[in-house]
Each structure stands twice: as structure tokens, then as C-alpha cells.
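Everything numeric in this text was worked out from a predicted model, so none of it was measured. Just so you know, residue 1 is the first one in the sequence shown, and it goes up from there.
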Amino acid sequence: MKKLLYFIVLCTMTFGLTNCSKNGSTSRGEEPTSKGTIQLLNTTNDSYYVTINGNTSLSFTQQGNTSVKKEVEVGYYNIKVKQQSGYLFYPTEKEWSGNVKAGQSQIISY
């Protein structure tokens with residue numbers, strides 16, 4: 001009887017281990033979406049310094065009249081832009097905050 005019980009436990013463990021998903025993937029081999037995107041549209045002729053703070057932190061200079069797409073982890077983000085060129089007295093500074101959701105894109109235009 002003990003041998004039968006051990007055999008059942010062994011089969012259950014083996015079945016459980018072979019059907020477990022690695023890194024949260026689904027049984028069809030698909031990875032779950034835990035990332036979203038932030039798309040930055042610089043609609044001016046001037047370059048801006050961009051700072052993204054959140055689960056993924058980035059900073060870079062974006063040239064005028066360009067679009068940049070950054071893949072980030074889902075979560076709450078604070079985005080700041082500061083004009084680097086083309087101003088007379090002081091640079092334009094803008095700030096946005098919000099959540100990035102899985103598989104979705106947040107679009108920031110300035």
C-alpha cells in the first residue's frame with residue numbers, strides 16, 4: 001500500500017513539474033505582457049532633454065520634430081522635458097504623470 005501511495009505522489013509531482021510554466025508563460029509558450037510603451041512626440045524644431053522616472057528610468061536628448069518610443073515595465077511614471085535649444089530667455093519645461101498599462105502605449109506630445 002505504501003508503494004502505491006509513493007507511486008501516486010511521484011506521478012503527481014512529475015505531472016505538476018512538467019506542466020509548470022516558466023517565468024509566468026502560458027501553456028501555449030506565450031510570454032505574458034508585463035511591459036508597455038511611452039511614445040514621445042517632439043513637435044517643435046528644438047531639442048529637449050527627457051527624463052522618465054518610474055519602474056524603468058531613462059534620460060536622453062530628443063531632437064526636434066521626432067518621435068521616440070520606449071518600452072518600459074508597467075507602473076506609474078513621471079516624465080519631464082526641458083528645452084535644450086531655441087529659447088530666448090528661459091527654457092520651456094513640462095511634466096506629465098500617469099500609469100503605463102501592460103500592452104498599451106502612453107503618448108506624450110510637446
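- Remark: the Thr44 side chain and the Tyr110 side chain contain no N/O donor-acceptor pair separated by less than 3.5 Å.
- Separation of atoms CD1 (Ile52) and OG (Ser59) is listed at 9.0 Å; rounding is to 0.5 Å.
- Hydrophobic clustering keeps Phe89 apart from Tyr87 (ILVMFWY residues linked when any side-chain heavy atoms are closer than 4.5 Å, directly or through intermediates).
- For the residue pair Glu95 and Asn78, a side-chain donor N or O sits within less than 3.5 Å of a side-chain acceptor on the partner.
- The line from NZ of Lys69 to CD1 of Ile38 is 12.0 Å long, rounded to the nearest 0.5 Å.
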Carefully, step by step, assess Thr92 and Gln83 under the rule side chain to side chain donor-acceptor pair (under 3.5 Å).
CA-CA 5 Å; Thr92 300; Gln83 189 176 3; 3.0 Å; yes
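- The CD1 atom of Ile108 sits 9.0 Å away from the CG atom of Leu41 when rounded to the nearest 0.5 Å.
- Figure legend: Lys70 and Phe60 shown as a cation-pi pair, the cationic atom lying under 6.0 angstrom from the six-membered ring centre and within 45 degrees of its axis.
- Side chain to side chain, Gln62 and Asn42 fail the donor-acceptor criterion of an N or O pair below 3.5 Å.
- Side chain of Gln39 to main chain of Ser67: no donor-acceptor pair is present (N/O by atom type, distance under 3.5 Å, no hydrogens or angles).
- The nearest pair of heavy atoms linking Asn55 to Gly75 is ND2-CA, 3.6 Å.
- Note on Trp96 and Leu40: same hydrophobic cluster, where clusters join Ile, Leu, Val, Met, Phe, Trp and Tyr whose side-chain heavy atoms are under 4.5 Å apart, directly or indirectly.
- For Val100 against Gly36, the heavy-atom pair with the smallest separation is CG1-CA, 3.7 Å.
- Each of Leu58 and Tyr49 belongs to its own hydrophobic cluster when Ile, Leu, Val, Met, Phe, Trp and Tyr are linked at side-chain heavy-atom distances under 4.5 angstrom.
- Put simply, OH on Tyr48 and NZ on Lys82 are 12.0 Å apart, with the number rounded to the nearest 0.5 Å.
- For the atom pair NZ (Lys80) and NZ (Lys94), the distance works out to 16.0 Å, reported to the nearest 0.5 Å.
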